[in-house]
2 protein chains.
Amino acid sequence: MKSTLLSAAAVAPAPPADPRAPTPALPDFELIELLFFAYRDFVGEPDRLLERHGFGRAHHRVIHFINRHPGLTVAELLDILEITKQSLARVLKDLIHGDFVEQKAGAEDRRQRLLFLTDKGRALADGLAAMQHQRITRAVAAIGPEHRPMIARFLAELIDKERGAAPATALSTP
Amino acid sequence: MKSTLLSAAAVAPAPPADPRAPTPALPDFELIELLFFAYRDFVGEPDRLLERHGFGRAHHRVIHFINRHPGLTVAELLDILEITKQSLARVLKDLIHGDFVEQKAGAEDRRQRLLFLTDKGRALADGLAAMQHQRITRAVAAIGPEHRPMIARFLAELIDKERGAAPATALSTP
DNA sequence: AAAATTACGTCAATGATGTTGACATATTTC
DNA sequence: GAAATATGTCAACATCATTGACGTAATTTT
């Protein structure tokens, strides 16, 4: 008897939002639960690869963003991840000791530690991204690629707005 | 200088998948990152409400599924959450002691502990669901409600398939 | 040039959530 | 009666997060 998640979510019909409804409409349990299960499986597969290196989800996030923005500073990474210096320090130390990440002093500001992936780090990052990419690609194919912009828009709308309309160029991919 | 996440994700253009590309297409970093940020904010807001009760995300998941499926057994809940008995026991104890959840012995099988929310528990569950519902509703409105089925389909496709095609009726909402 | 600020590293302590494995108890099933 | 099942509980541990304090080097301000 395996989990009934999928069925549980799938079984629940979308509450047809009645515009005249005086009582608050039922919560959209279907999408709430789909988000939960989708995200869990979306990160679960990478988790299993990371385990082989003794890493966790936190390491994944770090190498992902260093991969995306080579030369990222520690402060920028803290801003992106919204965690504390301590939390980052631990996983960063693991990644540096394991030769997945290297640091270089900033050219202009030599206090800064610019972060880069080593070849080894890039290989791991690419492997993890490939897993998530494939999963996404399958899902996009299922709904038809022409609907991909809608997905992006929907997800973007879920994100808190007050954040990061800031320096759009600061981290632009070179 | 706040986080550059949103912009970082938004800035990256979707790699136009070239069908003839011999080299593997670039990972879909945009959707990968949007999923990360969207999920973080999606659960972040409830987290702040839960904090006031001294609860965490694990408590949220438990009361959510008990709310959805009153009379759920412990074993069923374990199947849904895919955590261990110990992990569940801790949060369940908190919720029972705090009078958010109550247990009743099963009528047919008296070994089972059927789980129900108290009025207090239902109030909290509803409050949490309302937050997530509003966020989703805003996002659905932004893309046009006619595209909601596409979102549901996309998310469902992200979920591991091998699971839970099983007893679709077992947990059907009464 | 001295003072203040910034970027980063690190230490200690703590909390929430997850894990494994073992064992006890009540109940149902064979 | 024996075996299997549903649940509870104990001990020990791992990961990822937190706060607060302090130190050092480099840059900026005065």
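In what follows, chains carry the letters A, B, and so on, assigned in the order in which the sequence lines appear, proteins first and then strands, with residues in each chain numbered from 1.
Atom CZ of Phe55(A) is separated from atom C1' of dA14(D) by 15 Å (rounded to the nearest Å). In this structure, Arg40(A) atom CZ and dG18(C) atom C1' are separated by 13 Å, rounded to whole Å. For the pair Leu81(B) CG and dG18(C) P, the computed distance is 8 Å after rounding to whole Å. In this structure, the CZ atom of Arg57(A) is 14 Å from the P atom of dT17(C), given to the nearest Å. Between the CG atom of Leu78(A) and the C1' atom of dA7(C) there is a distance of 10 Å, given to the nearest Å. To the nearest angstrom, P of dA7(C) lies 7 Å from CD of Gln112(A). Protein atom CG of Asp109(B) is 6 Å distant from nucleotide atom P of dT28(C), rounded to whole Å. As a whole-Å value, the separation of Glu51(B) CD from dT18(D) P is 11 Å.
Grouping the Ile, Leu, Val, Met, Phe, Trp and Tyr side chains by contacts below 4.5 angstrom, directly or via other members, places Leu114(B) apart from Leu77(B). When the side chains of ILVMFWY residues are joined at heavy-atom separations under 4.5 Å, either directly or via intervening members, Ile83(A) and Ile96(A) end up in a single hydrophobic cluster.
Side-chain N/O atoms of His59(A) include none lying less than 4.0 angstrom from OP1 or OP2 on dT15(D). Phosphate contact (OP1/OP2 of dT19(C), side-chain N/O of Ser87(B), threshold under 4.0 Å): present. Listed pair Arg113(A) / dA25(D) fails the phosphate criterion, with no side-chain N or O lying under 4.0 Å from OP1 or OP2.
Comparing Arg61(A) and Lys85(A) against DNA chain D, the residue whose closest nucleotide sits nearer the 5' end is Arg61(A). Where Thr84(A) and Arg110(A) each meet DNA chain D at their nearest nucleotide, the meeting point lying more 5' is that of Thr84(A).
By the side chain to side chain donor-acceptor pair (under 3.5 Å) test, Arg110(B) is found to be paired with no residue, residues two or more places apart in sequence or in another chain being considered. When the side chain to side chain donor-acceptor pair (under 3.5 Å) test is applied to Arg90(B), no partner is found at least two apart in sequence or on another chain. In this view, Glu45(A) and Arg135(A) satisfy the salt bridge (Lys or Arg N to Asp or Glu O under 4.0 Å) rule, not counting sequence neighbours.
Distance from the side chain of Thr73(A) is smallest to dC8(C) among dT7(D), dC8(C), dT27(D). You'll find that the side chain of Arg111(B) is closest to dT27(C), out of dG9(C), dT19(C), dT27(C).
Remark: Arg90(B), Glu108(B) in residues 88-108 of chain B come within less than 4.0 Å of DNA chain C through at least one heavy atom. Listed by residue number, there are no residues of residues 120-128 of chain A with a heavy-atom contact under 4.0 Å to DNA chain C.
In this structure, Ala152(A) and Leu34(B) approach most closely via the heavy-atom pair O-CD1, 3.6 Å.
A salt bridge is defined here as a Lys NZ or Arg NE, NH1 or NH2 lying under 4.0 Å from an Asp or Glu carboxylate O, and Asp28(A) with Arg148(B) meets this definition.
For His64(A) and Phe29(B), the ring centers sit closer than 6.0 Å to each other.
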Solution key, residues 49-59 of chain B side-chain donor-acceptor pairs under 3.5 Å, sequence neighbours excluded:
| unit_1 | atom_1 | unit_2 | atom_2 | d |
| --- | --- | --- | --- | --- |
| Arg57(B) | NE | Asp47(B) | OD1 | 3.4 |
| Arg57(B) | NE | Asp47(B) | OD2 | 3.1 |
| Arg57(B) | NH2 | Asp47(B) | OD2 | 2.7 |
| His59(B) | ND1 | Gly56(B) | N | 2.9 |
| His59(B) | NE2 | Asp94(B) | OD2 | 2.9 |

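With Thr118(A) as the fixed residue, the side chain to side chain contact (heavy atoms under 4.5 Å, CB included) test singles out one of Asp99(A), Leu95(A), Val101(A): Asp99(A).
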